[in-house]
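Working notes, structure below.
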Amino acid sequence: MLFFIVCCSIVLVASCLLYKILCALNVSIDELRIVDAGIPLPDCILQAVTVHCGQWNWMPTLCRVYFVGIIETIYITVCKRILPDRVFNQKTKTGNTAVVGDSASSFVNLPVAVIVGADSGIGVEICSELLKNGFRVIVGSRSLKACHDALTFVKKATESDKLHILKVDFTSFQSVRNFADKVKLYLQDKRIRLLINNAGVMNTPFSTTIDGYESQCQINYLAPFLLTKLLLPSMDTMEGRILFASSSTIYAINNLDTNMPIRKYGLNGLDHYAYSKACIAQLAKHMSRTTPIKVFVYHPGTVRTKLFQHTTIFTLPLLSKIFDFIMLSPKEGAETPLYLCLTRDNVESGAYWANKHNYHIPSVTINNLWDRTDLLWEDTMLKCGLTRHE
Ligand SMILES: NC(=O)c1ccc[n+]([C@@H]2O[C@H](COP(=O)([O-])OP(=O)(O)OC[C@H]3O[C@@H](n4cnc5c(N)ncnc54)[C@H](OP(=O)(O)O)[C@@H]3O)[C@@H](O)[C@H]2O)c1
């Protein structure tokens, strides 16, 4: 009963807050349909509010990150937990119409997917669905035992010999290079159909990696960039797809600061997290212009996983129960990346995807960042130790 009352109060306060914000922003409903007429109204509202928030330069980045998180939690509570989808007549895009063609019926011809970060949360769901959809999956994990344990049920449900686990730790560039070499060896003359950079950490206690960078920056954007550059020549140029896990917190970032990976935390690590996710979105967009392979960035939603273990508010006893109810399950969180992996729709390369919809990252939000893409690209190449020929 108490739980119910607390939930109702939160929703009430949240709805009033959202209404007030919209009034303050003075945006009409038509203006909110800023991206594509097919996007449901609540998603447009969410987008409009977060875009505006990115322009509030008077607010510290950390506050903008929290603000984006709160707005999205309100959106999930109202749209996913209280009102059924059909209220907004949302067309459900199902990705599970596999891209695997009939030619993939024999084991040798199975398309290959490479995923890093599949030993917990959203990654496990992605891996499981890819196996069910006829992929041979190579998983990169920093702990082989933990990964084997996490994927035991997946192996039982599918043919275990379609799953191959290799060691990789994103806190070390050398480990990324070793992993890429092992993947190439395993592939022989085959090509990678899907590369999914799902590994990530959030708000971890401050630490620097063996390569001297702040861990979140290295794990969330430097290492996935390096891995992708190394595996790009092994990708299937006709049907290949590259996915990067980003986050809606990118909307809180409106400045490029190449010193961020060597900078200490302020109050906590959330602004480093948002910055790292903004950089990977930016680099992916840039990459999409230089390769025929489709490149996507996805935000899975606010999903209840161990990603939040270092952010106090999500671990407090009562609030924890509320978040268990409100936040998306890993299965729900896997819907957008799976849609991008499996759909036969002609999806646009270089876009940012959330809730199975394509959003153009508004240039007003991270103008400074967009204008300086080349600088970010060159800086990232340098930090990863990549040569011009790689
Ligand atoms: N959950 C959300 O609400 C949310 C929202 C926006 C974006 N995302 C993004 O979605 C992705 C998946 O997150 P999740 O929620 O499923 O979190 P999760 O359960 O914590 O999964 C993160 C995965 O990344 C792996 N990983 C962490 N550090 C690594 C390292 N140094 N080297 C290799 N792998 C490493 C983890 O492996 P271990 O098991 O060994 O730690 C785990 O498999 C992340 O990139 C995250 O930033 C999540």
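Start at 1 and go down the list; that is how both ligands and their atoms are numbered.
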Decide whether Asp43 and Tyr75 meet the rule of one side-chain donor and one side-chain acceptor closer than 3.5 Å.
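On atom types as modelled, these side chains qualify, holding a pair under 3.5 Å.
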Verify whether one side chain among Glu214 and Tyr265 offers a donor that lies under 3.5 Å from an acceptor in the other.
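Yes, side-chain donor-acceptor contact under 3.5 Å.
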Distance to 0.1 Å, residue and atom name: give those for the protein heavy atom nearest to atom 26 (N) of ligand 1.
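For atom 26 (N) of ligand 1, the nearest protein heavy atom is Ala199 CB, 3.9 Å.
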Nearest to atom 14 (P) of ligand 1, what protein heavy atom do you find, and at what distance?
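That would be Thr305 OG1, 3.5 Å.
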Could you tell me, atom by atom, which parts of ligand 1 come under 4.0 Å of a heavy atom of [X]?
X	value
Ile122	14 (P), 15 (O), 16 (O)
Asp169	30 (C), 31 (N), 32 (N)
Ala245	10 (O), 11 (C), 45 (O)
Thr302	3 (O)
Ala118	43 (O)

Taking N or O atoms only and a 3.5 Å limit, does Val303 qualify as a polar contact for ligand 1?
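So ligand 1 has an N or O lying under 3.5 Å from an N or O of Val303.
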Look at atom 29 (C) of ligand 1 and find which of Lys167, His299, Arg304, Arg142 reaches it with the closest heavy atom.
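Ranked by closest heavy atom to atom 29 (C) of ligand 1, first place is Arg142.
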Main chain of Glu129, side chain of Asn133: is a donor-acceptor contact present, judged purely on distance under 3.5 Å?
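Yes; judged by distance alone, with no hydrogens or angles, the pair exists.
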